[in-house]
Amino acid sequence: MAAKAGATPATYSPSPTTNKKTRPPLFTDVDWVRPDGRDFHQCRPAFLRTGAVNAASGSAYAEFGNTKVIVSIFGPRESKKAMMYSDIGRLNCNVSYTTFATPVRGQASENKDISSQLHKSLEGAIMLDTFPKTTVDVFALVLESGGCDLPVVISCASLALADAGIMMYDLVAAVSVSCLGKNLVIDPVTEEENYQGGSLMITCLPSRNEVTQLTITGEWSASKIHEAMELCLDACSKLGKIMRSCLKESASTSQE
Amino acid sequence: MEVDAFRRLFPLRFHERHLLESVRPDARPLGKARDTSLALGAVGSADGSALAKIGCTTMLAAIKMEVMTPANETPDEGCIAIEFHMPAICSPIVRPGRPAEAAPVVSKQLSDTILSSGMIDLKELSLVSGKAAWMAYLDIYCLDADGALFDAALLAAAAAFSHLQIPVVSLNDEGRIVVVSKGEKLKNKPVNEEKRKLKLRSIPFALTCIIHKNYILADPTAEEESIMETLITIVLDSSCQLVSLYKPGGPALAYESIIQDCIALSRQRLRELQTILNEAMCDMEVD
């Protein structure tokens, strides 16, 4: 018997792990060149597709550079029997990572935190009173984590909700910005996120120009926040257009 | 009555009406499997990966290599840890936090099949005898569950192993194994310069069939599996030898003639799957 069932030996990964503590000194003079050659204010090309999972009411697959996410929507379906009666619908979100999503196996990050952030950004956009007494389940699986995971999950989830036919006020687009020294870098990759001095994430409804969630970590001056917000809102409106065209394409192919 | 309503209210009668005409609701003949496709190298961060699709059932398999100290009784052998996950996205019956009933069953089945088929010689996973060996973590995620989970999972696992590219490592001064990056000045000679790909001996392929009255349906969908509950899974290796036969109960009995027919169907399927795997490997080499 090759694999002993009870005794799982301790293993370690041979790859050089990026030590978060050894950061280079503050980027005062050094110009950071982005690993994938993008401009500081350039987002990664987005690949979006709906209808990825046949078993779900609606689903979407999103690929932003190396970050790959699948989101499935189930519902509206019966709420758990233990739940009290509710005039409006309920939203249940869950985000999980595969074991191979991160470079080191099993390093899945703060799932509960990400799930509740996803919930907060979506619940402002969904018309909950169109499905009273029932629950809509939003399940996300991050296949590969290449940086900026939560914004990609949020955008993908709103696309999946549209695919499932859940009524919403608008699509939800999300983008995050990292502060590296004096530079503002949009849509950071994992390497940049490890070295960041602060981050700002905005999820907004692009055509209504309303923000459902704003998350800021780190040290920010007021002018920097304004600059970052402008960048993000601009990127969100562009992302909103891409999402809309993806939905139109899938609707027209299904009509044929 | 509308067809969809009839299908929901009287599913067994709906399917039996089709079986009388020797066809299934998706217009397949009884012994035919669904369209199968395979894509290697789907996950960039893993050492070997594959995406297998049988009809709508989608499986993503990825292998990550880590280093361990081999056991005292087998200092020249590495280890393989196989795990099958059914995340909440794949099916409306799976809830997050509560693992699906089918997941540990398929996990154990896969483990047993892969290790007993002799596809991988564990001696190839050894690095430094007695001190370091590879532990290959094979994780298979079901992305869409539409019946025949074991077949798709086994195909994805075999493809992931064929795609596996073992990183070149060397033993550093502290006795740890580290990956050799390109262009780095090699202080220590790499330990496994030549052994980059695993040599796969007999690759096992599976076919699940449903037995219902006198009919044998190959490659069931989730709907068929839930209505006609007797499943039989046959695993053959590349030399057409029987590796495993699995019939977990069920209301229908499997007579010898039925088993022989299932094995014949599996042989046909074996050839189909072998061609698909070989094509996928050739495509990858061209890239």
Side-chain angles (χ1 to χ4, degrees), chain A residues 1-5 7-17 51-57 59-61 63 65-75 77 80 92-106 111-112 115 137-146 160 190, chain B residues 42-47 49 55-58 60-71 74 77-83 85 87-97 111 115-116 120 122 127 132-135 137 139 141 143-146 167 169-170 176-181 222:
Chain A
M1 248 298 247
K4 295 210 196 72
T8 30
T11 58
Y12 61 87
S13 169
S15 60
T17 41
V53 173
N54 197 264
S57 318
S59 60
Y61 170 69
E63 203 176 298
N66 277 336
T67 304
K68 301 180 174 98
V69 173
I70 291 190
V71 177
S72 279
I73 310 290
F74 293 104
R77 54 183 179 180
K80 282 207 277 239
N92 175 29
C93 295
N94 189 280
V95 179
S96 61
Y97 279 71
T98 57
T99 50
F100 43 83
T102 48
V104 177
R105 184 178 185 272
N111 294 342
K112 289 224 169 72
S115 303
D137 288 314
V138 179
F139 297 136
L141 181 68
V142 179
L143 300 174
E144 206 181 325
S145 162
T190 325
Chain B
V43 176
S45 54
D47 301 309
S49 59
C56 290
T57 302
T58 312
L60 179 62
I63 303 178
K64 276 206 146 289
M65 308 289 280
E66 294 201 350
V67 182
M68 66 168 202
T69 30
T74 49
E77 286 184 354
C79 198
I80 306 180
I82 302 173
E83 210 180 329
H85 307 254
I89 59 166
C90 73
S91 156
I93 45 181
V94 181
R95 297 268 167 186
S111 222
L115 294 173
S116 64
I120 299 190
L122 292 173
L127 281 171
W134 285 119
M135 167 76 122
Y137 285 107
D139 290 294
Y141 279 83
L143 301 181
D144 197 350
D146 193 21
V169 290
S170 66
R176 268 175 84 95
I177 299 274
V178 281
V179 165
V180 170
S181 9

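Here is how names work: the chains are called A, B, and so on, in the same order as the sequence lines, proteins then strands, and each is numbered from 1.
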Quick one: do B:Asp144 and A:Asn54 satisfy side chain to side chain donor-acceptor pair (under 3.5 Å)? Show the steps, please.
CA-CA 7 Å; B:Asp144 197 350; A:Asn54 197 264; 5.5 Å; no

How far apart are the C-alpha atoms of B:Asp139 and A:Thr99, what are their side-chain angles, what is the distance that settles it, and do they pass the side chain to side chain donor-acceptor pair (under 3.5 Å) test?
CA-CA 7 Å; B:Asp139 290 294; A:Thr99 50; 2.7 Å; yes

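Annotation: maximal heavy-atom pairing with chain A below 4.5 Å, among B:Ser111, B:Ser91, B:Pro87, B:Ala132, occurs at B:Ser91. In terms of heavy-atom pairs under 4.5 Å with chain A, the best-connected choice from B:Gly97, B:Ser45, B:Cys56 is B:Ser45.
Annotation for A:Ala55 and B:Cys90: closest pair CB-O, 3.4 Å, computed over non-hydrogen atoms.
Aromatic pair A:Phe100/B:Tyr141: centroids less than 6.0 angstrom apart.
Both the backbone and the side chain of B:Ala88 come within contact range of chain A, each with at least one heavy atom under 4.5 Å from a heavy atom of that chain.
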